[in-house]
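The block underneath contains the structure these notes are about, expressed in C-alpha cells.
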Amino acid sequence: MPFCDVKLQILFYICENQISKHMSKQLNIIAKDEWLEPYSEAIEGRYNHAISLEKELTNGSPLSEFATGHLYFGLHHSGKDWVIREWAPNATEIYLIGDFNNWTLDETYSFEPLQNGVWELKLPANKLRHLDLYKLKICWASGEGERIPAWAERVVQDELTNIFSAQVWDPKSPYTYKITDFKPTTEPLLIYECHIGMAQQEAKVGSYHEFQENILPRIVKSGYNCIQIMGIQEHPYYGSFGYHVSSFFAASSRFGTPDELKELIDTAHKMGLSVIMDIVHSHAVKNEVEGLGNYAGDPNQWFYPGIRHTHPQWDSLCFDYGKHAVIHFLLSNCKYWIENYHFDGFRFDGVTSMLYLDHGMGCSYSGYEDYYNGGQDDNAIAYLTLANKMIHEINPHAITVAEEVSGMPGLAMKVSDGGYGFDYRLAMNIPDYWIKTIKEKMDEDWKPSSILWEMTNHRKEEKTINYVESHDQALVGDKTIIFRLIDADMYWHMQKGDETYIVNRGIALHKMIRMITLTTINGGYLNFMGNEFGHPEWIDFPREGNGWSCEHARRQWDLSDRQDLDYHYLGDFDVAMISLIKTIPSFQKSKVEEVWHNDGDQVLAYKRGDLVFVFNFNPVSSFTDYGFLLPEGSYRCVLDSDDALYGGNDLVDHSLEYMTQHDNLYAEDKKGWLKLYLPARTAQVYKQIK
C-alpha cells in the first residue's frame with residue numbers, strides 16, 4: 001500500500017467521537033494508581049493522541065493493513081517484470097545503477113515521478129538477476145549522490161573495497177518454513193541475549209548457520225526459552241554492536257543470507273525457543289551513502305530538523321515521529337520482520353531516548369511530575385503505542401520489551417488501559433544497583449533489605465525483565481560482574497584446587513547475585529551469552545586499534561566445558577536455577593513475601609508459593625539454628641549454592657527433612673519455626689513437602 005499524505009479534513013468526526021467515548025470512562029492506568037490522578041489530563045491526552053493518529057493513518061482499517069510499505073516500496077519481482085519504488089520528495093531525477101549497466105547512468109533505468117514524492121521504475125524480468133548489486137543515483141536541485149534504497153531488503157559489503165551495495169535477492173528455491181504456528185512460552189520468559197557474529201569459539205565473525213548448529217543446542221540445554229538477537233538490522237560498523245543501523249529492512253549480510261537467518265529462526269522454533277530481535281527505531285546512523293542521512297539531498301526527510309536532528313551522545317540521527325511517512329516506514333518495518341522472518345517480537349532499543357525531548361540525559365526521575373512536565377515527545381509516544389498495538393494485532397502472542405530507564409508509568413500496560421502496550425520493561429535499575437554495590441560497598445555493608453527492595457521495586461501491574469548485567473558491561477571500558485568480583489585472579493586461579501580467597505568469594509557472590517535476581521522476577525529474566533558461566537573476556541570488536549582482530553569478539557565456550565576449571569560450576573548452577581523455577585507453574589506471578597531480614601546478620605528470607613529462599617550475605621559468620629517463621633510442615637533443600645556440584649563446601653545436609661517447631665504464639669496462624677544452618681556467603685531454596 002503506498003504511503004500518501006492524509007488530508008486534514010479526513011473524518012474528524014470519527015476521531016472526536018472516539019476521543020469522547022474514551023474520555024467518559026477513566027483509564028485503568030489512573031484507576032489502578034491514585035497518585036496518577038493529578039496527571040490524568042496528560043495521560044488521557046497521550047492516549048487520545050495515539051487513537052486520533054491511528055484514525056488519521058488508517059481511516060478505520062486495521063493498523064496492519066496500513067503498515068505494508070515494504071510490499072509497495074523497494075525492489076519486487078512479479079515474475080514477469082521488476083518494479084522498484086522509493087519515497088524521495090526532494091529528488092529531481094533518480095537512476096538505478098549496478099552490475100547490469102556497468103554502474104553508469106542509463107535512461108532505460110530512469111525512475112518516473114508519481115504523486116507525493118514517490119518514484120517508480122519498471123523493468124523487464126531479464127534486466128535484473130539474482131545477486132546483482134545495485135544502488136540509486138539521486139539528483140536534487142543542488143547536487144547528486146549515490147544512495148542505497150531506504151527499503152532495500154538485502155545489503156552486502158565488498159570484502160576488498162568495504163563498499164556497501166544493495167543486492168538482488170531472488171533465489172529460485174527460497175527457504176520454506178517448517179514451523180508456522182509457533183507460540184512462545186512465557187511462564188516465565190527466560191531470555192538468552194546473544195550476538196550472532198561473536199557467538200563462536202573461533203576468533204572470527206560467526207554465521208547464522210554456525211549459530212544454529214553450535215549455539216542453539218547450548219541455549220536449549222541451559223533451559224532458556226527465548227533468544228534475543230542483537231545486531232540483525234544492517235549496520236556499516238561492526239563494532240557498533242548493531243545499534244547504528246543503516247538499512248532497516250536488511251538482515252546483516254556479514255552473518256549470512258536471508259534464507260540462513262530464516263532457517264535459524266525456524267530451527268529455534270522447532271527446539272521450543274522463541275526469537276525476538278533488538279529493533280532500533282530510536283535513531284539511525286549518520287552515513288549518507290549507506291544510510292538515510294541526507295537522503296535525496298534533504299537531511300530532514302526522515303529526521304527531526306534543527307537541534308533535535310542529532311543525538312548529542314550517540315552521534316546519530318533522530319527520527320521525526322511527527323511525520324506520517326516516518327510512522328509508515330517504522331510500522332512497516334515491524335511488520336516486515338514478523339511476517340518475513342517469523343520473529344516473535346522485539347526488544348525496542350533506546351526507548352528512554354525516544355520518550356523525552358532531552359533523551360533522558362542527566363535526569364533523575366524522582367517523582368511522577370518528571371513524566372508529565374512537557375518534556376516528553378508525544379509523537380514518539382504515539383508511535384510506540386501504535387507499534388505495540390499493531391504488533392499484537394498481527395500476532396497476539398508476540399513479545400515486546402522496552403529498554404527504558406526512567407520508569408515511565410504505563411509503559412508495560414495495555415493500550416486499552418491507557419498504557420503504551422509493551423509486554424515487559426527491562427528492570428534497568430538492577431544491573432546499576434549491582435555495579436554500585438560491588439564497586440562502592442564492602443561485603444560487610446551489603447544490606448539484604450536494600451537488595452530485596454531493589455529487586456522488587458517495580459509497578460506491580462507492569463511486568464519486568466530482571467537481569468544481573470547488561471551487554472554494555474561486557475564491552476571494553478567496563479567490566480562484567482564476575483570480573484568486578486574476581487578481577488585479575490580470573491587469569492591465574494580458576495583451576496580447581498588453585499583458587500584464592502578472591503576467586504572463592506567471587507564464585508559464591510556470583511551465584512547468590514544471580515539467584516536473588518532470578519527468583520524475584522515478576523515477568524521474566526535475561527542473561528547475556530557467556531555471563532551464565534562467568535565469561536572472563538571483554539568484548540572488543542575488530543577495529544584499527546587492535547589490527548582488526550576478532551580475538552576478543554568471541555565466546556570461550558571451552559571454559560565452561562572443561563571439568564578442571566571453576567567456570568562450569570557457575571554454568572551448572574545457572575542450569576539448576578532455571579530448571580527449578582520452570583517446575584513451578586506461573587512462578588513469575590506468585591507473590592514475593594518477605595519472611596525475614598536482619599541487616600546486622602546480613603540474612604534474608606522470602607517465600608513464593610511453597611518455596612522459601614534463604615540468603616546469608618555475611619562474609620564471615622555462619623549461623624546455626626537460625627529461625628524463620630513459616631507455615632507448619634516439613635521442608636527439604638532443593639537448591640544450594642554451597643553444594644559441591646556448584647563449587648561449594650557441602651555444609652548443608654540435603655538428605656534431611658527440616659520440620660518446623662511448634663510455637664503456641666503462632667498456633668492460630670498455623671506457623672512454626674524452621675531452624676536452619678546458614679553458612680556464610682550462601683543461598684538455599686527450601687520446598688515445603690508436607
Side-chain angles (χ1 to χ4, degrees), residues 130-131 133 152-159 164-180 182 191-222 224-235 238-239 241-242 245 247 249-279 336-344 471 528-530 535 539 541-542 548-558 560-561:
H130 179 54
L131 302 184
L133 301 180
E153 297 182 12
R154 171 74 169 166
V155 175
V156 298
Q157 184 179 25
D158 187 279
E159 293 183 1
F164 284 87
S165 301
Q167 185 180 51
V168 177
W169 187 256
D170 187 40
K172 290 183 179 179
S173 301
Y175 183 78
T176 302
Y177 287 101
K178 313 299 188 297
I179 307 295
T180 57
F182 182 79
I191 302 174
Y192 197 87
E193 185 183 17
C194 49
H195 183 284
I196 300 295
M198 56 161 285
Q200 299 305 311
Q201 176 83 28
E202 296 81 8
K204 65 174 187 177
V205 178
S207 69
Y208 296 125
H209 181 72
E210 289 170 324
F211 190 93
Q212 174 186 317
E213 292 295 311
N214 302 328
I215 310 305
L216 286 183
R218 286 185 178 272
I219 298 171
V220 171
K221 186 177 179 181
S222 296
Y224 292 85
N225 55 32
C226 176
I227 59 174
Q228 176 185 308
I229 310 180
M230 306 166 60
I232 290 295
Q233 294 170 293
E234 190 59 85
H235 46 288
Y238 187 42
F241 236 49
V245 174
S247 296
F249 289 84
S252 182
S253 61
R254 56 174 58 85
F255 310 133
T257 69
D259 284 11
E260 288 169 341
L261 174 56
K262 292 176 181 179
E263 184 179 8
L264 185 164
I265 295 170
D266 204 25
T267 303
H269 286 164
K270 197 180 305 180
M271 300 170 80
L273 294 170
S274 52
V275 186
I276 61 178
M277 67 175 275
D278 270 9
I279 197 165
Y336 169 80
W337 291 108
I338 293 172
E339 294 195 339
N340 284 39
Y341 284 92
H342 289 201
F343 277 101
D344 299 297
H471 57 243
F528 178 67
M529 65 176 184
H535 197 285
I539 300 166
F541 278 89
W548 302 103
S549 169
C550 289
E551 181 61 31
H552 294 291
R554 63 191 182 107
R555 298 283 87 176
Q556 297 186 62
W557 302 107
D558 62 317
S560 67
D561 294 339

Would you say Arg555's side chain and Met529's backbone share a donor-acceptor pair under 3.5 angstrom? yes
Would you please classify the geometry between the Phe249 ring and the Tyr336 ring as parallel, tilted or perpendicular, with 30° and 60° separating the classes? perpendicular
Reported CG-to-OG1 distance for the pair Asp259 and Thr176, which is rounded to 0.5 angstrom: 9.0 Å
Got Ile276 and Cys226 here, is their nearest side-chain heavy-atom distance under 4.5 Å? yes
Run the side-chain contact (heavy atoms from CB on, under 4.5 Å) test on Phe241 and Ile539 for me, step by step, so that the C-alpha distance in whole Å, both residues' side-chain angles and the decisive distance to 0.1 Å come before the verdict. CA-CA 10 Å; Phe241 236 49; Ile539 300 166; 3.9 Å; yes
What heavy-atom pair brings Glu260 and Gly256 nearest, and what distance separates the two atoms? OE1-CA, 3.2 Å
Residues Ser247, Phe164; criterion side-chain contact (heavy atoms from CB on, under 4.5 Å); working and verdict: CA-CA 10 Å; Ser247 296; Phe164 284 87; over 6 Å; no
Any donor-acceptor N/O pair, Arg554 side chain to Gly206 backbone, under 3.5 Å: no
Are side-chain heavy atoms of Tyr208 and Pro258 found at a separation under 4.5 Å? no
Any heavy-atom pair between the side chains of His130 and Trp169 that's under 4.5 Å? yes
Can you give me the closest heavy-atom contact between Val245 and His235, atom names plus distance? CA-CB, 4.3 Å
Nearest 0.5 Å, please: how far is CD1 in Ile215 from OG in Ser222? 10.5 Å
Exceeds 12 heavy-atom contacts within 6.0 angstrom, atom NE2 of His209: no
Kindly check if the number of other-residue, nucleotide or ligand heavy atoms within 6.0 Å of NZ (Lys178) is above 12? yes
side-chain contact (heavy atoms from CB on, under 4.5 Å) between Ser253 and Gln157, worked out: CA-CA 8 Å; Ser253 61; Gln157 184 179 25; 5.5 Å; no
Please find the pair of heavy atoms, one from Cys550 and one from Ala203, that lie closest to each other, and give the distance. CB-C, 3.5 Å
Rounded to the nearest 0.5 Å, what separates atom CE in Met230 from atom SG in Cys194? 9.0 Å
Evaluate the side-chain proximity of Trp337 to Ile232: yes if any heavy-atom separation is below 4.5 Å, no if none is. yes
Distance col, row Glu202:CD vs Trp557:CH2, nearest 0.5 angstrom, shows 12.0 Å
Do Leu216 and Ile227 come within less than 4.5 Å of each other through their side chains, counting heavy atoms only? yes
Are the side chains of Glu210 and Gln201 in contact, using a 4.5 Å heavy-atom criterion? no
Minimal heavy-atom distance between Phe211 and Ala199, with the atoms involved, is CD1-CB, 3.6 Å
Answer yes or no: is there a side-chain heavy-atom contact under 4.5 Å between Asp266 and Tyr175? yes
How far apart are the C-alpha atoms of Gln233 and Met277, what are their side-chain angles, what is the distance that settles it, and do they pass the side-chain contact (heavy atoms from CB on, under 4.5 Å) test? CA-CA 9 Å; Gln233 294 170 293; Met277 67 175 275; 3.7 Å; yes
Under 6.0 Å between the ring centres of Phe255 and His195? yes
Does a side-chain heavy-atom distance below 4.5 Å link Met271 with Pro217? yes
Please report the interatomic distance CZ(Arg218) to CG(Asp561), rounded to the nearest 0.5 Å. 4.0 Å
Indicate the atoms forming the closest heavy-atom contact of Gln200 with Asn214, along with that distance. OE1-ND2, 2.9 Å
Can you give me the closest heavy-atom contact between Ala251 and Tyr341, atom names plus distance? CB-OH, 3.9 Å
For His342 and Tyr177, run ring pair (Phe, Tyr, Trp, His ring centres under 6.0 Å): C-alpha distance rounded to whole Å, both residues' side-chain angles, the deciding distance at 0.1 Å, then the answer. CA-CA 9 Å; His342 289 201; Tyr177 287 101; 3.6 Å; yes
Over 60° means perpendicular and under 30° means parallel, so tell me whether Phe528 and His471 are parallel, tilted or perpendicular. perpendicular
Is Glu234 salt-bridged to Arg154, going by a charged N under 4.0 Å from an acidic O? no
